[in-house]
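In what follows, every heavy atom counts, from backbone to side chain, and hydrogens, waters and symmetry copies are set aside. When a residue number appears, it is its place in the shown sequence, counting from 1. As the structure is a computational prediction, the values presented were derived from the model and not from experiment.
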Amino acid sequence: MYKRRTSILAFVIMAVFLTACSAGAPAADAAEQARQEASHSAQADAPNEAPNAEYEISYRHADVFRIANGSVILHAIVGITNTGSRNLYVSFGSFDYLDAEGALIDSEGYIIAYPNVIQPGETSFMYAEHDFFDDPIEGVTVVPTEIVEAATLNCVRLPVSGTTLEYDKSSGVKITGRVKNDSDSVVTFVYVCAVMKNAGGIPIGMAVTTINQIEPMDQVDFELTTLAVRDSMASNPIASFDVFAFPMQIQF
């Protein structure tokens, strides 16, 4: 028995976006749904050979473990690296979770990729984290279904500075810093995402927050927190971390 899950954050994002659309949005939505279904169907046979998109699944990991507050967490990270010569767009995807015997134990849709527009050589991370209403289990694997295509959007990043990280096994991770809007226009719905890595450079956790609006040339403080970081071989598993910020971009 497994449960099909859908990312609440993804639904909120889509609701905000669709509210701002014109009356012609339903037709566009129908066209987009048809495009995504066709893309999913094609990728079932060759998931890493999307038209006009050269990429590879460079990392994937899933884990089910108990965090400091007693909750059991299922989290998964999948890295998608742009191996081509053009920018790529990574759309919403999905995860299937398998136990050590290969049986399906959970499934989740509308997985967001951070960032969703990547330049050649860059990696986008599909990430999910939620409560697991059972005991921790070992040997869980994640099977992603990704939608990757040539980007028609510009790759936009906002400068991040002054980042600091505090880690404690009981209270988890807290990352602080500042994001600057270095453009002459207001930017809205900005993602700030941190990828935490162990001494081997392997992603072991992520944290994400959003900023509603940043005025031109203004700076805004941010704070990222998470309990879902696990590395039983070290008292402080985080050897390095990367933080990046970008506005929400949806390609049709």
Side-chain angles (χ1 to χ4, degrees), residues 4-14 17 32 35-37 39-40 42-44 46-50 53-64 73-84 87-98 104-132 140-151 153 155 157 189 191-197 201-210 224 226 228-230 241-251:
R4 178 72 185 183
R5 300 176 185 270
T6 304
S7 168
I8 295 175
L9 178 58
F11 270 136
V12 171
I13 292 166
M14 290 303 294
F17 182 82
E32 174 65 4
R35 183 193 64 76
Q36 290 191 3
E37 289 175 352
S39 180
H40 273 292
Q43 290 180 39
N48 291 342
E49 298 179 3
E54 298 178 59
Y55 70 97
E56 65 178 11
I57 301 297
S58 52
Y59 175 80
R60 62 178 176 177
H61 179 73
D63 205 356
V64 180
I73 292 293
L74 188 158
H75 85 148
I77 306 173
V78 172
I80 299 173
T81 300
N82 184 344
T83 60
N87 291 353
L88 297 180
Y89 176 78
V90 186
S91 186
F92 295 109
S94 63
F95 285 168
D96 286 339
Y97 302 101
L98 311 181
L104 184 66
I105 60 170
D106 207 344
S107 187
E108 187 169 7
Y110 289 93
I111 305 296
I112 301 174
Y114 307 95
N116 51 3
V117 179
I118 51 175
Q119 301 177 83
E122 288 188 328
T123 298
S124 175
F125 294 93
M126 296 172 66
Y127 176 66
E129 172 191 317
H130 61 255
D131 290 334
F132 187 77
V140 175
T141 58
V142 58
V143 179
T145 298
E146 70 280 3
I147 300 177
V148 185
E149 58 192 6
L153 302 168
C155 182
R157 300 284 191 276
F189 212 96
Y191 285 114
V192 183
C193 178
V195 180
M196 291 154 273
K197 303 175 182 177
I202 302 301
I204 58 173
M206 290 181 64
V208 180
T209 190
T210 57
L224 302 169
T226 182
V229 174
R230 182 193 188 191
F241 66 100
D242 300 317
V243 181
F244 44 90
F246 59 97
M248 179 182 69
Q249 296 178 282
I250 297 180
Q251 178 170 303

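- If you take CZ on Phe95 and OG1 on Thr145, they are separated by 9.5 Å, rounding to the nearest 0.5 Å.
- Nearest heavy atoms, Pro203 versus Phe125: CG-CE2, 3.8 Å.
- Gln251 places a side-chain N or O within 3.5 Å of a backbone atom of Ala150 that can act as its donor or acceptor partner.
- Annotation: the span from Glu129 atom CD to Asp63 atom CG amounts to 11.5 Å, rounded to 0.5 Å.
- With Tyr55 as the fixed residue, the side chain to side chain contact (heavy atoms under 4.5 Å, CB included) test singles out one of Asn82, Ile80, Thr123: Ile80.
- For Ala113, the side-chain contact (heavy atoms from CB on, under 4.5 Å) partners are Val90, Ser124, Met126, not counting sequence neighbours.
- Here the side chains of Asp242 and Lys197 are in contact, with some heavy-atom distance below 4.5 Å.
- Residues forming a side-chain contact (heavy atoms from CB on, under 4.5 Å) with Gln119 (at least two apart in sequence, or on another chain): Asn87, Glu122, Cys155.
- By the side-chain contact (heavy atoms from CB on, under 4.5 Å) test, Ala245 pairs with Leu158, Val160, Val179, Val190, Val192, sequence neighbours left out.
- For Leu98, the side-chain contact (heavy atoms from CB on, under 4.5 Å) partners at least two apart in sequence or on another chain are Leu104, Thr141, Val143.
- Contact detail for Ala151 and Leu88: the closest heavy-atom pair is CB-C, 3.7 Å.
- Within the 4.5 Å cutoff, no side-chain heavy atoms of His61 are placed close to those of Val142.
- Note: Leu224 CG to Met196 CE = 7.5 Å, rounded to the nearest 0.5 Å.
- Taking CD1 of Ile111 as the start and OG of Ser91 as the end, the distance is 12.0 Å to the nearest 0.5 Å.
- The closest donor-acceptor contact from the side chain of Tyr114 to the backbone of Tyr127 lies at 3.5 Å or more, if one exists at all.
- Pairing each heavy atom of Gly205 with each of His75, the nearest pair is CA-CE1, 4.5 Å.
- From Asn116, atom CG reaches atom OH of Tyr89 across 5.0 Å, with rounding to the nearest 0.5 Å.
- Closest of all the heavy-atom pairs between Ile77 and Ile204 is CD1-C, 4.2 Å.
- A search for side chain to side chain donor-acceptor pair (under 3.5 Å) contacts involving Ser58 returns Thr81, not counting sequence neighbours.
- Side-chain atoms of Glu108 and Tyr97 form a donor-acceptor pair, as typed in the model, at a separation below 3.5 Å.
- Evaluation of the ring-ring contact (aromatic ring centres under 6.0 Å, His included) rule for Phe246 yields Tyr191 as partners, not counting sequence neighbours.
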